Q: 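My questions all concern the structure below.
Just so it is clear, the structure is predicted and the values come from calculations on it, not from any experiment.
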Amino acid sequence: MTRRIFIGPVPEDFDRTRDLAAGPWCFSGREERHPGWENMDFVEPFDTPDKLVAAEANSAALVGKLREDWTGRLNAIHNLDRSSVFWGRYTDTWLWLAVMACWARWRYMEELVDATGPESVSVAVRTEIADWHFPDFASLMSPLLSNREFQWQIDSEIARYLAPSTWTLEGSPSQAPAAAADNSNIPCQAQSFVRRIFPRLAVDHLPGISKSKLFYSVLVSLMPRRIARPSAAAGDATQRLPFPSSFLEFLDRFLEITVPDTIAGNAFTALDKDVSKIRFFPGRLFVANTRSPDDRNRLVSAHALLAGERLVNAQHGGWEGTAATVPWNRQTYADDHAFLTWGWHRQAGLPGRCLPHLSPALGRLRNRHRETHASLLLVGARLALNGMRFDCVPRPKQMLAYRAAKVNFLKALNPAIRGGARYRPYTRGASDLADGPHVTTKVPKVEIQTGDFDQAMLGCRLLVVDHPGTTLHRALAANTPTVCFWNEDDWPICSEAQHVFRALRDAGILYSTPEEAADFINDIWSDVPSWWNAEAVIAATADWKRKYALTGPFWGLALAKTLWRLSRMKADQPRTASPMPKGRWYESQTNSRVVH
């Protein structure tokens with residue numbers, strides 16, 4: 001009988017002693033039907049941090065080349081003559097996502113071909129799709145990151161490029177996304193009362209100040225203006241990249257048939273006409289999420305940059321500044337007037353004007369922890385299996401070990417501690433593996449925490465974090481006693497951040513295995529405050545917070561001063577990673593000793 005390979009969902013009659021599954025994603029939503037599937041061996045082309053970092057860097061170089069190519073294409077489609085700076089600002093988010101997804105899936109298929117060798121196999125694929133229709137970028141981004149059917153269709157297309165003569169492709173009808181209604185004649189409408197009066201605020205987006213954006217916008221409008229000369233580093237035409245010509249051919253076809261209407265269709269014309277009515281102010285600061293998934297927001301940023309405004313972005317999550325790869329922020333760091341951080345100056349060696357400021361979002365949590373219940377709260381990350389992005393998270397194969405580590409940790413706790421433990425699964429999106437139910441099945445006495453997370457974090461005796469991310473930043477800003485554990489190869493940290501994470505290890509906060517973390521917690525549980533207030537722990541957390549969770553009692557005034565200094569900076573000043581002078585008042589707010 002011919003051996004079967006499944007690159008999409010496995011069927012009911014899947015036999016793991018004979019059949020082959022391309023990856024863990026094949027069992028998403030079907031785990032209970034195939035006991036023991038986690039013990040299968042799966043291919044993983046990015047199984048080391050070096051391979052992941054190299055893939056992200058090569059993808060960045062390819063995006064740079066594509067930016068120039070698509071500038072010409074889009075100018076021709078829309079009968080425009082706009083620079084690659086404009087089009088790059090608007091389309092780079094789309095190009096980044098497409099390049100990462102396609103190269104990741106391509107490499108998985110190459111590894112799968114190598115794994116089968118000369119054996120004759122049958123492969124279940126979806127039939128060919130002539131065209132995918134996406135009305136906007138968000139409608140493409142969502143299925144590309146989390147839709148198993150869409151992933152199967154992409155893998156099927158790649159299989160048609162790479163299948164050796166020993167593979168027999170057996171097709172089944174594809175389920176193409178339904179075509180959206182034509183919105184080319186529907187103008188964009190402002191959603192709020194403020195938006196109706198002020199179509200665009202000078203401070204459009206900065207985490208933690210949603211209720212005071214109008215106030216800061218007025219301040220920025222009164223600040224000095226220096227006209228920007230927009231420039232972007234074009235891709236090196238002579239640089240040789242490790243992408244085979246067959247992949248570049250596939251990528252070009254993928255981009256052609258998935259390009260959203262808001263980029264290459266009539267919807268762009270309507271959107272561009274609407275945004276062109278907005279008044280722009282050459283030389284003024286524009287604080288916004290310049291890499292937003294929302295097409296209108298990105299187009300506004302592109303027009304603002306073209307008009308000579310100075311774009312300022314701000315940190316949104318914990319991976320910014322600490323992760324070894326920077327797939328979304330390379331253009332932001334390099335091209336924007338400034339990027340406001342939670343304390344750091346440089347990430348992964350990339351150039352950019354990255355400036356520390358007192359975080360309003362973290363400032364609202366500053367030193368607010370007060371134990372109200374003697375409980376342990378374990379917080380997890382999203383269990384993602386599609387491997388579409390080169391983020392510093394466990395790859396699909398390693399994600400199985402990451403999930404198992406949660407259970408191993410809880411089982412290693414003393415029964416008295418475990419009886420009061422709660423688990424907080426990822427809640428901002430669906431996971432590809434069973435998360436909360438899996439934990440409670442394996443460790444029945446553990447409860448799932450589903451209420452207000454901040455309230456639970458601020459009142460627990462001890463917070464446990466099994467991944468580096470925003471939760472760690474929020475916890476340390478709140479001065480919540482925290483213990484962490486993770487495999488550093490699965491969550492690679494950039495060189496600039498390694499010394500502060502090493503200090504957390506030395507202070508007994510960070511561990512490499514769940515068992516080590518559990519043993520330590522068992523020892524300190526009866527008197528967590530004594531450990532948390534030890535001099536070495538205070539020193540380690542204070543240093544970490546100065547670099548990655550910077551807060552202060554007067555963050556509002558500090559933000560105004562930061563914007564004032566940015567407004568006085570020359571627009572064409574080199575975007576180095578050197579810190580901006582802050583003055584004695586600012587230093588007194590951020591360098592004071594942290595008292596637990």
Side-chain angles (χ1 to χ4, degrees), residues 190-225 278 281 284-294 296-298 300-301 304 309-321 329 332 336-344 353-368 428 452-454 457-458 470-471 473-478 545-546 548-569 580 582-583 585-586 589-590:
Q191 297 298 315
S192 66
F193 175 76
V194 172
R195 287 295 188 193
R196 294 189 185 99
I197 301 177
F198 303 100
R200 185 179 66 109
L201 297 175
V203 179
D204 181 76
H205 180 79
L206 202 159
I209 66 161
S210 59
K211 295 182 179 179
S212 52
K213 288 193 298 184
L214 182 58
F215 169 75
Y216 285 104
S217 295
V218 172
L219 286 183
V220 167
S221 298
L222 300 175
M223 291 178 180
R225 301 176 182 178
I278 297 174
F281 301 87
R284 193 181 72 174
L285 297 179
F286 179 42
V287 184
N289 182 6
T290 59
R291 62 183 187 281
S292 168
D294 182 83
R296 190 179 192 278
N297 289 345
R298 293 197 323 280
V300 167
S301 295
E309 292 192 358
R310 293 176 289 169
L311 272 55
V312 178
N313 210 324
Q315 182 169 355
H316 290 73
W319 63 270
E320 294 169 305
N329 276 5
T332 304
D336 282 4
H337 183 63
F339 184 85
L340 303 182
T341 78
W342 294 347
W344 49 275
R353 188 180 290 155
C354 298
L355 304 176
H357 80 121
L358 302 184
S359 167
L362 298 181
R364 299 183 186 280
L365 296 170
R366 186 173 186 263
N367 294 332
R368 286 182 53 194
R428 294 181 60 190
D452 184 282
F453 173 71
D454 283 349
M457 178 187 72
L458 296 175
T470 308
T471 299
H473 299 250
R474 293 171 64 83
L476 293 186
K545 285 187 277 190
R546 277 193 293 269
Y548 295 106
L550 193 61
T551 63
F554 304 109
W555 57 262
L557 180 57
L559 176 59
K561 292 172 72 71
T562 297
L563 294 174
W564 168 254
R565 290 191 174 90
L566 279 174
S567 72
R568 298 178 63 193
M569 275 185 161
M580 178 175 60
K582 303 177 182 66
W585 177 86
Y586 189 95
Q589 295 301 307
T590 60

Q: Give a yes or no on whether the backbone of Met457 and the side-chain of Arg474 come within a donor-acceptor separation of less than 3.5 Å.
A: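 Judged by distance alone, no pair lies under 3.5 Å.
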Q: Taking the side chain as every heavy atom from C-beta outward, state whether Leu550 and Leu362 have any pair of such atoms under 4.5 Å apart.
A: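 SC-SC contact between Leu550 and Leu362 ruled out.
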Q: Closest approach of Thr341 and Cys354, non-hydrogen atoms and distance?
A: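 For Thr341 versus Cys354, the nearest heavy atoms are CG2-CB, 3.8 Å.
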Q: Look only at the side chain of Lys213 and the backbone of Asp204, and say whether a donor-acceptor pair between them is shorter than 3.5 Å.
A: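 Side chain of Lys213 to backbone of Asp204, a donor-acceptor pair under 3.5 Å: yes, one is there.
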Q: Is there a donor-acceptor contact under 3.5 Å from the side chain of Arg353 to the main chain of His337?
A: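 Indeed, once roles are kept as given, a pair shorter than 3.5 Å links the two residues.
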Q: Below 4.5 Å, heavy atoms only, C-beta onward: do Trp555 and Arg366 meet side chain to side chain?
A: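 With C-beta onward as the side chain, the pair stays apart.
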Q: Side-chain contact test, heavy atoms from C-beta onward, threshold under 4.5 Å: evaluate it for His205 versus Asn297 and give yes or no.
A: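 When only atoms from C-beta onward are counted, Asn297 and His205 do not touch, as no gap falls below 4.5 Å.
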Q: Name all residues meeting the side chain to side chain donor-acceptor pair (under 3.5 Å) criterion together with Glu320; count only those two or more places apart in sequence or in a different chain, and write none if there are none.
A: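 Applying side chain to side chain donor-acceptor pair (under 3.5 Å) to Glu320 gives Arg291, Asn329.
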Q: Do Gln315 and Tyr548 have side-chain heavy atoms sitting under 4.5 Å apart?
A: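 A side-chain contact under 4.5 Å is absent here.
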Q: For Met223 versus Ala560, what's the shortest heavy-atom pair and its separation?
A: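 Where Met223 meets Ala560 most closely, the heavy atoms are CE-O, 3.8 Å.
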Q: Please check: side-chain N/O of His316 versus main-chain N/O of Ala314, any donor-acceptor pairing under 3.5 Å?
A: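 Yes, the answer is positive, given that a donor and an acceptor are paired below the 3.5 Å cut-off.
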Q: State, yes or no, whether a side-chain contact exists between Leu355 and His357 at a heavy-atom distance under 4.5 Å.
A: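 With C-beta onward as the side chain, the pair stays apart.
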Q: State, to 0.1 Å, how close Leu311 and Ala304 come at their nearest heavy-atom pair, and which atoms those are.
A: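 The pair with the smallest heavy-atom distance is CD1-CB, 4.1 Å.
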Q: When rounded to the nearest 0.5 angstrom, what is the spacing between CG in Leu222 and CH2 in Trp564?
A: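 That separation rounds to 9.5 Å.
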Q: Within the 4.5 Å heavy-atom criterion, are Leu219 and Leu563 side-chain neighbours or not?
A: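 Not in contact.
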Q: Using atom types as modelled and distance alone, determine if a side-chain donor or acceptor of Arg568 lies under 3.5 Å from a backbone N or O of Pro224.
A: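 Looks like no, no N/O pair under 3.5 Å.
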Q: Which distance, rounded to the nearest 0.5 Å, do you find between the CD1 of Ile209 and the OG of Ser217?
A: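 One gets 7.5 Å once the value is rounded to the nearest 0.5 Å.
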Q: From Leu365 CG over to Thr551 OG1, what is the distance, rounded to the nearest 0.5 angstrom?
A: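 If we round to the nearest 0.5 Å, Leu365:CG and Thr551:OG1 are 9.0 Å apart.
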Q: Check whether Arg298 reaches the backbone of Pro293 with its side chain - one donor and one acceptor, N or O, closer than 3.5 Å.
A: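 Yes, the answer is positive, given that a donor and an acceptor are paired below the 3.5 Å cut-off.
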Q: So is Arg200 actually on top of Phe286's ring, under 6.0 Å and inside 45° of the axis?
A: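 Yes - Arg200 lies over the ring of Phe286, closer than 6.0 Å to its centre and within 45° of its axis.
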Q: Do the side chain of Arg364 and the main chain of Gly208 share a donor and acceptor less than 3.5 angstrom apart?
A: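 Yes, the answer is positive, given that a donor and an acceptor are paired below the 3.5 Å cut-off.
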Q: Sub-3.5 Å donor-acceptor pair from the side chain of Thr470 to the main-chain atoms of Gly318, do we have one?
A: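 Such a contact is found between Thr470 side chain and Gly318 backbone.
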Q: Among Thr562, Asp336, Leu340, find the one that has a side chain to side chain contact (heavy atoms under 4.5 Å, CB included) with Val312.
A: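 The passing option is Leu340.
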Q: Would Asp452 and Asp454 satisfy side-chain contact (heavy atoms from CB on, under 4.5 Å), going step by step from the backbone distance to the final call?
A: CA-CA 6 Å; Asp452 184 282; Asp454 283 349; 3.5 Å; yes
Q: If you define the side chain from C-beta out and look only at heavy atoms, does anything of Val287 sit under 4.5 Å from Tyr216?
A: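 Not in contact.
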Q: With side-chain contact (heavy atoms from CB on, under 4.5 Å) as the criterion, how do Lys561 and Phe554 come out once you've worked through the C-alpha distance, each side chain's angles and the decisive distance to 0.1 Å?
A: CA-CA 11 Å; Lys561 292 172 72 71; Phe554 304 109; over 6 Å; no
Q: Are the side chains of Arg284 and Val220 in contact, using a 4.5 Å heavy-atom criterion?
A: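 Yes - at least one pair of side-chain heavy atoms lies under 4.5 Å apart.
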